[in-house]
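Since the structure comes first, as structure tokens, the remarks are kept for the end.
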There are 2 protein chains.
Amino acid sequence: MSRPQEFDTPEALRQAMEVFWRQGYEGTSLTDLLAATGLSKSSLYATFGSKRDLFLAAFDAYRQARARDAHRLLQQQPAREAIYAFFHSLFANVNTDQPALGCMSINQAVELAPHDPQVRERVVQDLHQLEEVLTPAIARGQQDGSLTSPRPARELARLLVLAFPGLQVMARAGYSSQELDEALRLLFTHLDS
Amino acid sequence: MSRPQEFDTPEALRQAMEVFWRQGYEGTSLTDLLAATGLSKSSLYATFGSKRDLFLAAFDAYRQARARDAHRLLQQQPAREAIYAFFHSLFANVNTDQPALGCMSINQAVELAPHDPQVRERVVQDLHQLEEVLTPAIARGQQDGSLTSPRPARELARLLVLAFPGLQVMARAGYSSQELDEALRLLFTHLDS
DNA sequence: CTTTTTCTGGACCGATGAGTCCTAAATATT
DNA sequence: AATATTTAGGACTCATCGGTCCAGAAAAAG
């Protein structure tokens with residue numbers, strides 16, 4: 001019937017997400033978004049509404065993708081390696097051409113959450129979910145013997161959630177992959193003994 | 001000889017700092033700065049140069065003030081209480097009219113550091129300095145018996161530095177004073193045993 | 001009181017912000 | 001091939017951005 005859409009909507013959303021991820025909300029202009037997606041202004045507005053709508057959609061796409069990643073990575077055996085791989089993925093793109101992106105939820109906790117309830121709600125939910133997904137993984141590690149701390153799994157999960165933004169901040173501040181890995185290993189020593 | 005300046009330059013800088021602290025660099029407009037300082041545009045530019053110059057000056061003012069606070073707070077006895085008070089000051093203004101500001105250095109690690117070398121340099125320096133100032137405080141706590149962990153003080157300091165942004169993120173995300181305190185207490189259990 | 005100096009307020013600037021809208025191109029259907 | 005429909009591009013608007021500049025007010029010095 002009508003002319004078909006020439007661009008891939010989910011792909012465009014993914015590209016917009018990356019710009020927001022890297023530059024934040026205020027730091028991203030419409031021009032940036034058009035360049036990243038390759039869309040025309042009218043296509044972008046027709047498809048996604050406003051800049052803010054697009055941001056929220058991109059943020060939610062990020063959160064879903066991360067939740068999937070977490071679920072996948074945390075299934076490895078033994079559990080210790082699974083958790084380690086999960087945290088390592090946070091700064092996987094360090095030492096590439098681009099500076100590290102860190103975690104978009106943490107970025108948004110800093111940028112928009114303080115004065116934007118819709119963003120704050122998402123950030124809080126993400127932190128809770130992180131605890132919820134780490135707790136059983138840690139418990140599993142205690143059972144399979146790869147984690148030897150006798151503390152309650154939830155307590156250890158809370159420690160990891162607390163340290164999570166620290167790794168992200170170090171990544172964003174330009175710490176090397178080695179330094180980040182060292183910090184991560186130090187953190188992991190607190191899951192033992 | 002000439003007409004004296006009517007405003008207090010350090011006070012104006014302090015007020016500008018607070019706006020940048022709360023809203024970030026991109027989120028703060030010239031209009032915001034004029035309203036906060038009460039200066040006229042010409043006075044502001046004559047005194048501080050550009051928006052970016054003012055930001056860097058405000059950032060450095062913040063860092064100095066924080067370094068002084070840290071030095072002061074960490075002298076308390078016993079050392080455990082000193083460190084506790086220091087971390088507690090991070091979210092001291094929670095539960096007031098304004099949302100928590102967190103730590104400006106951490107905010108800037110997220111916002112500007114990835115693409116601004118001058119800011120990154122400062123952030124990295126702040127993180128290092130935090131470790132440097134916490135290490136002797138922890139060692140002191142191990143000597144006075146208020147901290148019982150047998151780990152090297154520097155290792156424990158690194159754990160605290162790693163957790164520091166986590167507390168800040170929770171504060172910015174709107175967690176209550178109770179929740180933050182709970183997280184802080186959990187963290188402190190890792191300085192014992 | 002006059003002069004000199006410097007501060008203050010606001011008009012003004014070009015650039016860019018987000019967002020609207022109209023025109024023309026392109027394709028699926030008939 | 002003609003038509004119907006929806007796309008894409010870009011001109012356009014209005015507000016705000018950071019920043020400049022000028023004219024007048026105010027105060028210290030003589």
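Reminder, nothing fancy here: chain letters follow the sequence lines and each chain counts from 1.
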Under 6.0 Å from the ring centre and within 45 degrees of the ring axis: does the NZ or CZ of A:Arg63 meet both conditions for the six-membered ring of A:Phe59?
yes
Base, sugar-phosphate alone, or nothing: which one does A:Thr28 contact when heavy atoms must sit under 4.0 Å apart?
sugar-phosphate
One thing to verify: whether A:Glu11 and A:Arg14 come together as a salt bridge, which I'm taking to mean a side-chain N less than 4.0 angstrom from a carboxylate O.
yes
Between the base of D:dG9 and the side chain of A:Ser42, is there any donor-acceptor pair under 3.5 Å?
yes
Got a salt bridge between A:Arg80 and A:Asp192, using NZ or NE/NH1/NH2 to carboxylate O under 4.0 Å?
yes
Rounded interatomic separation in angstrom, taking CD from B:Glu26 and P from D:dG18
9 Å
From NZ of B:Lys41 across to P of C:dC13 the rounded distance in Å is 13 Å
Measure from the side chain of A:Tyr45, starting at C-beta and using heavy atoms only, and say which of C:dT20, D:dG19, C:dG17 lies closest.
C:dT20
Should the side chain of A:Lys51 and the base of C:dG19 be counted as holding a donor-acceptor pair, with the cut-off at 3.5 Å?
no
Answer yes or no: is there an ion pair linking A:Lys51 with A:Glu26, defined by an N-O contact shorter than 4.0 Å?
no
Both A:Ser40 and B:Ser50 contact DNA chain D. Which one's nearest nucleotide lies toward the 5' end?
A:Ser40
Nearest to the side chain of A:Ser29, heavy atoms from C-beta on, is which of C:dG17, D:dA8, C:dT20?
C:dG17
